[in-house]
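Notes follow the structure.
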Amino acid sequence: MSLPKHKAAHSIPPPTLSRLARDWLAEDTPNFDPAGVCVGSQEVEARLLCKTPHSILAGSPFFTAVFTELGCTVDWIYQEGAEIGPDAVTLTAVVRGPARCLLLGERPALNCLARASGIATRCSLLQAMAATEGWHGEVAGTRKTTPGFRLVEKYAMLVGGVSMHRQDLSGMVMLKDNHVWASGSITEAVRAARSVCCFSSKIQVECRSAGEGREAAAAGADIVMLDNFQAQGLHVAARALKMEFPALLIEASGGVTPENLALYFSPHVDIISLGCITQGCPVVDFSLKVQNPGAHSSHYNTNRTL
């Protein structure tokens, strides 16, 4: 299961945060910053505003890391994992630092926060659906992530309360249809994978029928993914496999969306994975506004959510 929201940030090594922040800043400003001449290095204050009510805040460690690299400070009004709103515009954090440095970090930091918060918000909604239906399995993401941005997207799943699934190809072994076809059979593919896997690695096999699932389980697979099953067929196949192999984990995947997720809940299904957690997920609308002297924020919601 995923970590409590308030502890999710503890899973990211500080050097990783610094490395990512430096890479993002270097991508956005590879040489000169001509606009920096316009604003100079006087100290300014900027207010981070969330304009998507009822969003889950995720990505604050990355946002802060960007500005830390630039000598700026961030004071958060909302904590990681909190729901922001319900107002149309909500003051979420205050950033202070030299004007040109603050503006150098604006876009990379906002991009990260918007994307991570969007994923966490969708994950939170999906997890709430499972809780409402009384399903005790795990909603999970997939490896369908943005190249170079996987760590952030997987972290956002953690904040949103769902399983991150495997991190990469070096983790849990997933034998998909192409592996099976190239190997000759499910049994041969599992045997070959097991020969190089130690006790710490599970083997999962993508199966298109209950018969393939039975072959995978008999060959020693730990997890069977029933792929692209209609909901009713999934329930029948999962029940049959669990009766024969009680310790087997069953995952449902393929064609599952937020709209039809509830149809796949079953006491015989342990995991439901959805590519839409990261693919086509809406972002949360954040903006960063540098304040003029004497500006006030009476129209912003400044209530703290801890």
Whether over 12 other heavy atoms sit under 6.0 Å from Gln230 CD: no
Taking all atoms of both residues into account, what is the closest heavy-atom pair of Cys112 and Trp24, and its distance? SG-CH2, 3.8 Å
Any sub-3.5 Å donor-acceptor pair from Thr52's side-chain atoms to Asp285's backbone N or O? yes
Heavy atoms of other groups near Gln42 CD, more than 12 under 6.0 Å: yes
Is Phe149 reachable from Ile12 through a run of hydrophobic residues whose side-chain heavy atoms are each under 4.5 Å from the next? yes
Do Arg96 and Asp75 pass the salt bridge (charged side-chain N to carboxylate O under 4.0 Å, His left out) test, and can you show the C-alpha distance, the side-chain angles, and the key distance before you say yes or no? CA-CA 8 Å; Arg96 299 180 179 89; Asp75 293 319; 2.6 Å; yes
Using modelled atom types and a 3.5 Å cut-off, is there a donor and acceptor pairing between side-chain atoms of Thr132 and backbone atoms of Ala128? yes
Pair Asn111, Arg107: side-chain N/O donor-acceptor within cut-off below 3.5 Å: yes
Enter the distance from Phe286:CZ to Ser55:OG here, rounded to the nearest 0.5 Å. 6.5 Å
Other residues, nucleotides and ligands only: do more than 12 of their heavy atoms fall within 6.0 Å of CZ on Arg194? yes
Taking all atoms of both residues into account, what is the closest heavy-atom pair of Cys197 and Val173, and its distance? SG-CG2, 3.3 Å
What heavy-atom pair brings Phe229 and Cys207 nearest, and what distance separates the two atoms? CE1-O, 3.7 Å
Examine distances only and state if a side-chain atom of Asn260 and a backbone atom of Gly255 form a donor-acceptor pair shorter than 3.5 Å. yes
Specify the closest pair of heavy atoms between Val159 and Glu80, including all atoms of both residues, with the distance to one decimal. CG2-OE2, 3.9 Å
Might you point out which heavy atoms bring Gly220 and Val190 nearest each other, and give the distance in Å? C-CG1, 4.2 Å
Sub-3.5 Å donor-acceptor pair from the side chain of Ser273 to the main-chain atoms of Gly141, do we have one? no
Are the charged groups of Lys154 and Asp168 less than 4.0 angstrom apart, N to O? no
same_hphob_cluster(Leu57, Leu49) at 4.5 Å side-chain heavy-atom cutoff: yes
Do Trp135 and Val162 share a hydrophobic cluster, counting only Ile, Leu, Val, Met, Phe, Trp and Tyr and linking them when any side-chain heavy atoms are less than 4.5 Å apart? yes
Count I, L, V, M, F, W, Y as connected when their side-chain heavy atoms are under 4.5 Å apart, and connections chain through other members. Are Val283 and Ile277 then in the same cluster? no
Quick check: does any side chain N or O of Glu206 sit under 3.5 Å from a backbone N or O of Asp177, one acting as donor and the other as acceptor? yes
Strictly distance-based, threshold 3.5 Å: is any side-chain N or O of His235 a donor or acceptor partner for the main-chain N or O of Gln232? no
Look at atom CZ of Arg100 and say whether more than 12 heavy atoms of other residues, nucleotides or ligands are closer to it than 6.0 Å. no
Could you tell me whether a side-chain N or O of Lys242 sits under 3.5 Å from a main-chain N or O of Leu248, the two making a donor and an acceptor? yes
Short question: side chain of Glu153, backbone of Thr146 - any donor-acceptor pair under 3.5 Å? yes
So, Phe62 versus Tyr155, ring centres under 6.0 angstrom or not? yes
Okay, side chain of Thr64, backbone of Pro61: is any donor-acceptor separation there less than 3.5 Å? no
Check Leu113, Leu91, Ile77, Val94 against Leu48 for a side chain to side chain contact (heavy atoms under 4.5 Å, CB included) and give me the one that passes. Leu113
Of all heavy-atom pairs between Leu274 and Pro258, which one has the smallest distance, and what is that distance? CD2-N, 4.3 Å
Would you say Met174 and Val139 are hydrophobically clustered, going by side-chain heavy atoms of ILVMFWY under 4.5 Å? no
For a quick check under 3.5 Å, do Ser183 and Glu188 share a side-chain donor-acceptor pair by atom type? no
Run the side chain to side chain donor-acceptor pair (under 3.5 Å) check on Asp87 and Thr90 step by step: do they pass? CA-CA 6 Å; Asp87 291 358; Thr90 301; 5.2 Å; no
